[in-house]
Amino acid sequence: PSASAQKSPRDWTSKEAYAYKQWLVASVPARTSHLLWTLGIDQSLAEHEVVLREAGQGFLRLVQESEFSGGGRLTDAGYALAADMGLLVTRLRFERHASGIRWEVLKRPRTDASFNLPIIRGPGFNFDPVAAAIANGIAVLQNRRTPDVFGEMYRSTVEDLKAHDSRSN
């Protein structure tokens, strides 16, 4: 939302933070479908690991173009591309195991980098898919991580949920 873009998330009111969360969550299907289309990935693929492997490779190809990066840094379009990778990880996460996880606005602690931003909360973990994907996208661009990092993000949330389920039984 344009009003949210005018100031830092730290300075948002609760109403603005929740409006941003609603906007972001509502945009996930369109943004991730467009990402998959841009990367030339068949959306009907059932295996999430395959989708994320192909998306990671596509991200690596695209992020090296001048529209998405320059001088080892992401452009605004590069940040959006990386953010969409995080939303794709989240979309697939919800498709596979929606129970026990939910979108929330992080309100505590105020010192957290994701304060006032939408996160995925699950039993025993908080996950900011946009921030994580941007950080990992920069690392991929700078050859500090492989494009499989997006699959690793997905697997880590799966493992968190499995660990919680085994402790609960």
If you group Ile, Leu, Val, Met, Phe, Trp and Tyr by side-chain heavy-atom gaps below 4.5 Å, do W23 and L87 land in one group? yes
Do T146 and D148 have side-chain N/O donor and acceptor atoms under 3.5 Å apart? no
Is L117 reachable from V25 through a run of I, L, V, M, F, W or Y residues, each pair having side-chain heavy atoms under 4.5 Å apart? yes
Would you mind reporting whether K21 and E104 have side-chain heavy atoms less than 4.5 Å apart? no
Between the main-chain N or O of A83 and the side-chain N or O of R31, is there a donor-acceptor pair closer than 3.5 Å? no
NE2/H34 to OG/S27 distance, rounded to the nearest 0.5 angstrom? 13.0 Å
Is it true that M85 and L74 fall in one hydrophobic cluster, defined by side-chain heavy atoms closer than 4.5 Å? yes
Min side-chain heavy-atom separation R93-I120 under 4.5 Å: no
For F127 and A132 the tightest heavy-atom approach is CE1-CB, 3.9 Å
Of all the heavy-atom pairs spanning A55 and L88, show the shortest one and how long it is. CB-CD2, 3.8 Å
Is the count of non-hydrogen atoms from other residues, nucleotides or ligands lying under 6.0 Å from R73 atom CZ greater than 12? no
Distance col, row F125:CZ vs I119:CD1, nearest 0.5 angstrom, shows 9.5 Å
Got a second to check how far T32's OG1 is from E95's CD, nearest 0.5 Å? 8.0 Å
Please confirm whether the backbone N or O of S33 pairs with a side-chain atom of Q43, one donor and one acceptor, at under 3.5 Å? yes
Check for me, please, whether Y18 and W12 land in the same ILVMFWY cluster - side-chain distances under 4.5 Å, paths through other members count. no
Does the side chain of K107 reach to within under 4.5 Å of the side chain of S14, using non-hydrogen atoms? yes
Answer whether the closest heavy-atom distance between the side chains of W103 and L24 falls below 4.5 Å. yes
With rounding to the nearest 0.5 angstrom, report the CG to CZ distance, N136 to R145. 5.5 Å
Grab the two heavy atoms, one from A133 and one from A82, that are nearest each other, plus how far apart they are. CB-O, 3.1 Å
Check whether any side-chain heavy atom of F115 lies under 4.5 Å from a side-chain heavy atom of R108, and answer yes or no. no
Main-chain N/O of P129 paired with T90 side-chain donor or acceptor, under 3.5 Å: no
Given side chains that start at C-beta, do those of V105 and Y20 come closer than 4.5 Å, heavy atoms only? no
Quick one: CG on D128 to CD1 on I134, what's the gap to the nearest 0.5 Å? 8.0 Å
Any donor-acceptor pair under 3.5 Å linking the side chain of T75 with the backbone of G78? yes
Are the side chains of L81 and L62 in touch, meaning some heavy atoms are under 4.5 Å apart? yes
Note, R96 side chain near Y154 side chain (heavy atom, < 4.5 Å): yes
In terms of heavy-atom contacts, G100 and P123 come closest through O-CD, 3.0 Å
Under 4.5 Å between side-chain heavy atoms, counting indirect links through other Ile/Leu/Val/Met/Phe/Trp/Tyr residues: same cluster for V50 and F94 or not? yes
Mark yes when over 12 heavy atoms from residues, nucleotides or ligands other than R110 sit less than 6.0 Å from its CZ; otherwise mark no. no
Closer than 3.5 angstrom, by distance alone: can the side chain of T13 be matched with the main-chain N or O of E16 as a donor-acceptor pair? yes
Give, for atom CG of D11 and atom CG of N116, the distance between the pair rounded to the nearest 0.5 Å. 9.0 Å
S156 side chain to M153 backbone, donor-acceptor under 3.5 Å: yes
Restricting to pairs with a member in residues 50-70, which pass salt bridge (charged side-chain N to carboxylate O under 4.0 Å, His left out), not counting sequence neighbours? none
